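Inspection log for the structure reproduced underneath, given as structure tokens.
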Amino acid sequence: GDRVLIELLSTSPEFHTSNTLRKTGLPRALTPQPDSTSSDYKAIVYVDLFGGADSFNILTPHPDGGCYLYDDYFAARGGEKGIGLTTDDMDPIDGSSAGIPGCTKMGVHKKLSVYKDIFDEGAGIFFSNMGHLHKPVHKGNWITETQTDLFSHTSMKRESHRVDAFLEASGPGVLGRMLDILQDDGYVVAATSMDRKAQMIDGDPKTGRLADVVSSSGPRTIYEREFMNWRDGTDQLRPYLEEVHSETVENAGMFGNMWSQTFLDVWNKAETLTRSLKETQLLTEFTSRTDVGDINKSLRIVAEMIVGRNKRIDGLNRDVFYIQLRGFDHHMEVKQGLDLSLPSLNAGLKNFWNEIKAQGIQNQVLVIQGSEFGRTVSPNSNSGSDHGWGGNYFIFGGDVKGGQIFGEYPRSFSEADPTNIGRGRVMPFTSWEALWYGVNQWFGIDIPSDIETVIPNSRNFGCSVLYSDTDLFHSGTGTVAGCGGPTFTTEVNFNLAEPRYLTGEEQKLICDLAVDISADRLSEGEDDIRCYISDQTIIETADGGYIVTGEAELNFDYTINENKLNAGLAQKITKTAESFASDFVVAGATPVSEAPSVSPSSRPPSLTPPPISPPTDVPTTAAPTKSPILFVDPGSATQEYCKSFTDKTACNLTTPSCEWDQRFKGTCYLTGTAPDKDTCITNNKPCPPAPNQCCTGRCDETLDRCN
């Protein structure tokens, strides 16, 4: 009796809160499931090889056909006594899509033969040399432009889960944010992690949706747990628990009420999941000689949850699953370590792939295998490899346009190679955003602004390294917004008192200005224009100051009429962005050209700075309260409107409404109304015979100069 009393007491809302609750005596209703607005179903399964998998021993050059890169790879990995794969250690696949001259074959680790089978089947894609990036970088600027703790397990796992370099998003995980968007659109969604919590599948806390954590041994009901298992798993306590958590009166304490509601909802969910898994019949035996990390068990449960989805949650549309397989931090004996871990992964993925094909749902399921970072190509003294950066990863599914290798696999493994940043660490060419852009579209998120909500830094990569669902999936029809049209590269310049580069936040805000100005000038949507600052240089001036110069790359969507675009316009756009950025974005800066003294527009801007602290100690100031430029139809422009522009760049952006006259201090006139060129003379020149011919109507007779 005492035990039963303690068990019931420990579950009560009064035990967990400070509320005293008054009951109505009626049973408490479960929280109803939302109604679905769609009938289709898709699932994403993310398999995370934690520890930093040595993926240059998963996808390697293959010597068939005389590929020069294999010898380079094998030597860089230590040669005969090193850690590289021999021909006997790998299976060949078609490597022509990697685009490496003279290398028509690539190799896949023989212990991961399921990758070769799926690749050859045309259902799998390798992403080569991919990893966390703030923007496209090269060997000369990666340290400056990558403000995070590279080579750290904790930091890089967090970056791969968030895919949010500047902390601009509302939810912590990329898959969780995808579900946030879809749930808001009326989809019924679910997130499940095997054995542990995972940031990747967590969304905005405001949604109230929590990811489920399920044991690889399977879920257990409350009566199957040791604490409540006093009658061999029977549920004789059910009526008492239901009474403890029955309905309360309206003015009862909200914390206790929330505890009881959550208790019953979770209790019901666990029982429903347990029942659905027992009732779901798989068509594949999930056999495995070994099961390191319970990966085969986890994949079996995920398969059961996918197959029995409607028994689990009625009308479920979108499922995401996270599975972590640990043990890939191979600082010692990496070849032996992979030989021990990969067979279990291979068996589990093979069983899972066979099952979803047997169920006929392979086109609705996508598997993504990643890791927080790659490892050094060069070995250490313990026949292991150390923490690196870029790695090679794999996705597969029935809808995947497989048999391809995307990204930029290194062309050399020598220290002189542009991707080698020292100690055999390979700098990634492809960002996580490149993969997730197309995955978002495939999952049903096709509005560019929604994609930007999920992966807010995707616009910081231009157009060269992002993949649409058309690139990745047979069913894909989307494009990368803001790409396919002309690209222009121009400069932005700022005078600084101290030598420093523009921070990542400053670069993004300058580009936000450029996109905003471009959209107004062209009467196009901001989604149709992309901008990022690709490179920076610092120049010391004669007066002891400094100029930081950035190369701004502007990309335009293929739908924009190219007759509206030219290099001159792009230069005007970036110069105007530069002028206004000096006032509120770049701390302590002035533009190299004269900045406008006032903002002539009253339209509110569309940009706001990210709510984060910059990675350096340079503050980022607030956004402007006025928009840089207001564009009007030439027929409605007035002289007063044109003369409100005190800056040449701003005036010229209104062409053909207004035009700049450079004489004296310069004036913006309504087109065709500038004074005759003989009327005024240039500033700081001798006074004309008649004082009223000077531009201001004033002449300093002492200096004999216009002013």
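Remember, it's a predicted structure, so these values are computed and weren't measured experimentally.
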Starting at [atom1] of [X], measure out to [atom2] of [Y] and round the result to the nearest 0.5 Å.
X	Y	atom1	atom2	answer
Thr559	Glu524	OG1	CD	6.0 Å
Gln536	Ile538	CD	CD1	7.5 Å
Thr576	Asp516	OG1	CG	11.5 Å
Glu551	Ser534	CD	OG	4.5 Å
Leu69	Tyr409	CG	OH	6.5 Å
Arg158	Glu372	CZ	CD	12.0 Å

Are [X] and [Y] packed together at the side-chain level, in the sense that at least one heavy-atom pair is separated by less than 4.5 angstrom?
X	Y	value
Gln441	Ser468	yes
Met427	Val137	yes
Leu502	Ile510	yes
Val377	Val426	yes
Ile100	Tyr68	yes
Ile455	Asp164	no
Met106	Leu59	yes
Arg530	Glu553	no

Classify the angle between the aromatic ring planes of [X] and [Y] as parallel (below 30°), tilted (30 to 60°) or perpendicular (above 60°).
X	Y	result
Phe373	His387	tilted
Tyr70	Tyr73	tilted
Phe127	Phe406	perpendicular

Would you name the heavy atoms of [X] and [Y] that are closest together and state the gap between them?
X	Y	value
Gly476	Asp469	CA-OD2, 3.3 Å
Gly131	Pro428	N-CB, 3.6 Å
Leu513	Ala577	CD1-O, 3.7 Å
Arg423	Glu415	N-OE2, 3.8 Å
Gln507	Ile533	OE1-O, 3.4 Å
Ser371	Asp48	CA-OD1, 3.6 Å

Any pair with a residue in residues 419-440 that passes ring-ring contact (aromatic ring centres under 6.0 Å, His included), sequence neighbours left out, goes on the list, sorted by first then second residue, please.
->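 For residues 419-440: Tyr393-Trp432.
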
Report yes or no: does [X] contribute a side-chain atom to a donor-acceptor pair with the main-chain N or O of [Y] at less than 3.5 Å?
X	Y	value
Thr376	Gly424	no
Asn460	Asn457	no
Glu578	Asn493	yes
Arg459	Tyr532	no
Thr470	Thr479	no
Asp557	Gly482	yes
Lys564	Leu522	yes
Glu506	Thr503	yes
Asn420	Ser414	yes
Ser155	Ser152	no

[X] bridged to [Y] by N-O distance under 4.0 Å:
X	Y	answer
Lys575	Glu491	no
Asp417	Lys139	no
Lys401	Asp471	no

Is there a side chain to side chain contact (heavy atoms under 4.5 Å, CB included) between Ile421 and Trp389 once you walk through the steps?
-> CA-CA 10 Å; Ile421 60 173; Trp389 192 357; 3.7 Å; yes

Any luck finding a side-chain donor-acceptor pair between [X] and [Y] under 3.5 Å?
X	Y	value
Ser128	Asn392	no
Ser385	Asp54	yes
Gln147	His134	no
His331	Asn380	no

Would Phe413 and Phe56 count as a ring-ring contact (aromatic ring centres under 6.0 Å, His included) if you check the C-alpha gap in whole Å, the side-chain angles of each, and the deciding distance to 0.1 Å?
-> CA-CA 11 Å; Phe413 290 96; Phe56 281 101; 5.8 Å; yes

Going through the distances and angles, do Ile405 and Ile125 end up as a side chain to side chain contact (heavy atoms under 4.5 Å, CB included)?
-> CA-CA 6 Å; Ile405 300 172; Ile125 294 175; over 6 Å; no

Quick one: do Leu569 and Phe488 satisfy side chain to side chain contact (heavy atoms under 4.5 Å, CB included)? Show the steps, please.
-> CA-CA 10 Å; Leu569 174 63; Phe488 301 98; over 6 Å; no

CA sep, side-chain torsions, deciding dist, call: Asp512, Leu509, side chain to side chain contact (heavy atoms under 4.5 Å, CB included) = CA-CA 5 Å; Asp512 284 345; Leu509 285 171; 3.9 Å; yes

Is Lys157 positioned over the aromatic face of Phe50, cation under 6.0 angstrom from the ring centre and no more than 45 degrees off axis?
->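 The answer is yes; both the distance and angle limits are met.
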
Under 6.0 Å from the six-membered ring centre of Phe151 and within 45° of its axis: does the NZ or CZ of Arg425 meet both?
->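 Yes, Arg425 and Phe151 form such a contact.
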
Criterion side chain to side chain donor-acceptor pair (under 3.5 Å) on Asn57 and Arg77, from CA distance to verdict | CA-CA 10 Å; Asn57 267 12; Arg77 303 233 76 176; 2.8 Å; yes

Sequence neighbours excluded - salt bridge (charged side-chain N to carboxylate O under 4.0 Å, His left out) pairs with any residue from residues 432-442 = none

Residue pair Thr453, Asp450: steps toward the side chain to side chain donor-acceptor pair (under 3.5 Å) verdict = CA-CA 5 Å; Thr453 297; Asp450 286 344; 4.8 Å; no

List the steps and the verdict of side chain to side chain donor-acceptor pair (under 3.5 Å) for Glu159 and Thr148.
-> CA-CA 9 Å; Glu159 298 289 6; Thr148 192; 2.8 Å; yes

Above 12 or not: heavy atoms from other molecules or residues under 6.0 Å from CD of Glu498?
->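 Atom CD in Glu498 is not packed in, count stays at 12 or less.
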
